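What follows is one structure encoded as structure tokens, with my remarks underneath.
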Number of protein chains: 2
Amino acid sequence: MRNREETYGLIVETAYKMFAENGFDKTSLAMIAKEVGISKPAIYYYFDSKEKLIDFLFDEICKEIMDQYAFTVEDLTVNNFEQYLLTIGFQMIEEQEKDVHFNKIFNEYILLATRKERYMKQLNKIQKGYFESFSMLMNHGVTIGAINQENVESKSNMLAMVIDNIGNFILTGLELDYKGIWKEAVKSVLLSVRND
Amino acid sequence: MRNREETYGLIVETAYKMFAENGFDKTSLAMIAKEVGISKPAIYYYFDSKEKLIDFLFDEICKEIMDQYAFTVEDLTVNNFEQYLLTIGFQMIEEQEKDVHFNKIFNEYILLATRKERYMKQLNKIQKGYFESFSMLMNHGVTIGAINQENVESKSNMLAMVIDNIGNFILTGLELDYKGIWKEAVKSVLLSVRND
DNA sequence: GTCTATATACCGATAGAC
DNA sequence: GTCTATCGGTATATAGAC
């Protein structure tokens, strides 16, 4: 027998995995209940509806993401700035290669967001935070003289888009030299010299 | 009254729109039939099953995509190479801003592909073609002296990833200076000079 | 808390008349 | 070609016993 917290946690964990694997619509509460080892109505003791369960997981995932991109700007100098950019990119790539579930379910939520305003608002907040984190990092790079200050915002956005999209292609199993791409993106930005 | 071709075309067109708007699972054949102005069984005269209809639309979309990135390499010189890169990027951005349906349904198919091998194979073929098109273009840029030949492949992949991901962010309604980002990406790649 | 049993609704798909 | 009627299956959700 399990206690309340254990069952609750197991439902959440199992729902997360199964939603990621099969999608929301193709995962019924009966399937989740069977996997957890309880009956379908037992889920309703913990969650008012399937939608509420999906909502809850969305909020959990959002929190997790926002915790993730808290870059440390201190201790960065012109000497270690490039290496730091490379390292955080490599870390993101490795995490995405390890945890396929995360990317899959997050893409499900992106599509859901296009049809549900509450999700879209939250998603946009995350996206803005993501771009702003990169922006802060790059502006710090300007301050310490690691990057040319011209079009910092666009450079920053470009880097953010590259690393974000690597996750999408990993999802489709396409095997590219992602670390090489990231390396090139970082170097292109750091060393770019404008002549116009 | 409509003839066979007209009804067929209307089913395809309506299914495309409704699948993009609501997703495959949340769009029933009854909904499509009602929108077209026929009964549900009438759809079965044209398509054996809902799955076959979804399959058909996937193939149509794949064809459309593959037609799209047939870059013309001829007539490119060191003087107009950068402008050409900018132009094709701007065109892609404008198309994605115009046709939201396309991006939405394509993302649905990407998720479907992670669960259906036939889709994934086709998707990977498209992705490879996409990256190869960029690669051809960039290698031509090297030949005419518009780009440094170092890490051309990674530079090419980077550009492809930037322009591809712009579509994803447009889908979420996030308003960024996408053309500025693309401009910066192109210039970074063209003017990058390595010092190691 | 968890169960069995069930209400209600909708789905994809088919039969068969016209 | 298109219809009405319907089948079989499954979904979410609830009632009520333990």
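Lettering follows sequence order; numbering is per chain, from 1. The structure displayed is predicted, hence computed values, not measured ones. Every heavy atom of this structure was used, including side-chain atoms; hydrogens, water molecules and symmetry mates were not.
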inquiry  = Whole angstroms only, please: what is the NZ-P distance between A:K26 and C:dC11?
reply    = 13 Å
task = Salt-bridge test for A:E21 and A:K26: reply yes if a basic N is under 4.0 Å from a carboxylate O, no otherwise.
result = no
ask   = Could you state the CG-P distance from B:D25 to D:dT10, rounded to the nearest angstrom?
value = 15 Å
ask   = Counting side-chain heavy atoms from CB outward, which of D:dT2, C:dA13, C:dC3 is closest to B:S49?
value = C:dA13
request  = Starting from the 5' end of DNA chain D, give me the residue, B:N3 or A:K50, whose nearest nucleotide shows up first.
outcome  = B:N3
Proximal nucleotide (of D:dT2, C:dT4, C:dA15) relative to the B:Y45 side chain = D:dT2
ask   = In whole angstroms, how far is the C1' atom of D:dC3 from the OH atom of B:Y46?
value = 13 Å
Integer-rounded Å distance: D:dT12 P and A:L53 CG = 11 Å
inquiry  = Below the 4.0 Å mark, does D:dT2 have OP1 or OP2 next to a side-chain nitrogen or oxygen of B:T7?
reply    = yes
Side chains of B:N157 and A:Y178, donor plus acceptor under 3.5 Å = no
ask   = Is B:S39 near enough to D:dT4 that one of its side-chain N or O atoms lies under 4.0 angstrom from OP1 or OP2?
value = no
ask   = When the distance from CZ of A:R2 to C1' of C:dT2 is rounded to whole Å, what number comes out?
value = 12 Å
task = Can you label the angle between the A:Y8 ring and the A:F47 ring as parallel, tilted or perpendicular, going by 30° and 60°?
result = parallel
query = Within this structure, what is the CD1-to-P distance between A:I32 and C:dT2, rounded to whole angstrom?
reply = 15 Å
ask   = What is the distance, rounded to the nearest whole Å, between atom CG of B:D48 and atom P of C:dA13?
value = 9 Å
ask   = Among C:dG12, D:dT12, C:dA5, which is the nearest nucleotide to the side chain of A:K40?
value = D:dT12
remark   = Among the nucleotides D:dA5, C:dA13, D:dA13, whichever has the atom closest to the side chain of B:Y44 is C:dA13
inquiry  = Using 30° and 60° as the class boundaries, would you call the ring planes of A:F71 and A:F134 parallel, tilted or perpendicular?
reply    = perpendicular
request  = Locate the shortest heavy-atom distance separating B:E153 from B:S135; write the atom from each residue and the value.
outcome  = OE2-OG, 2.8 Å
ask   = How many Å lie between NZ on A:K34 and C1' on C:dT4, as a whole number?
value = 17 Å
request  = Give one of base, sugar-phosphate or nothing for A:S28, where a contact means two heavy atoms less than 4.0 Å apart.
outcome  = sugar-phosphate
note = Ranking D:dA15, D:dC3, C:dA13 by distance to the side chain of B:L29, first place goes to C:dA13
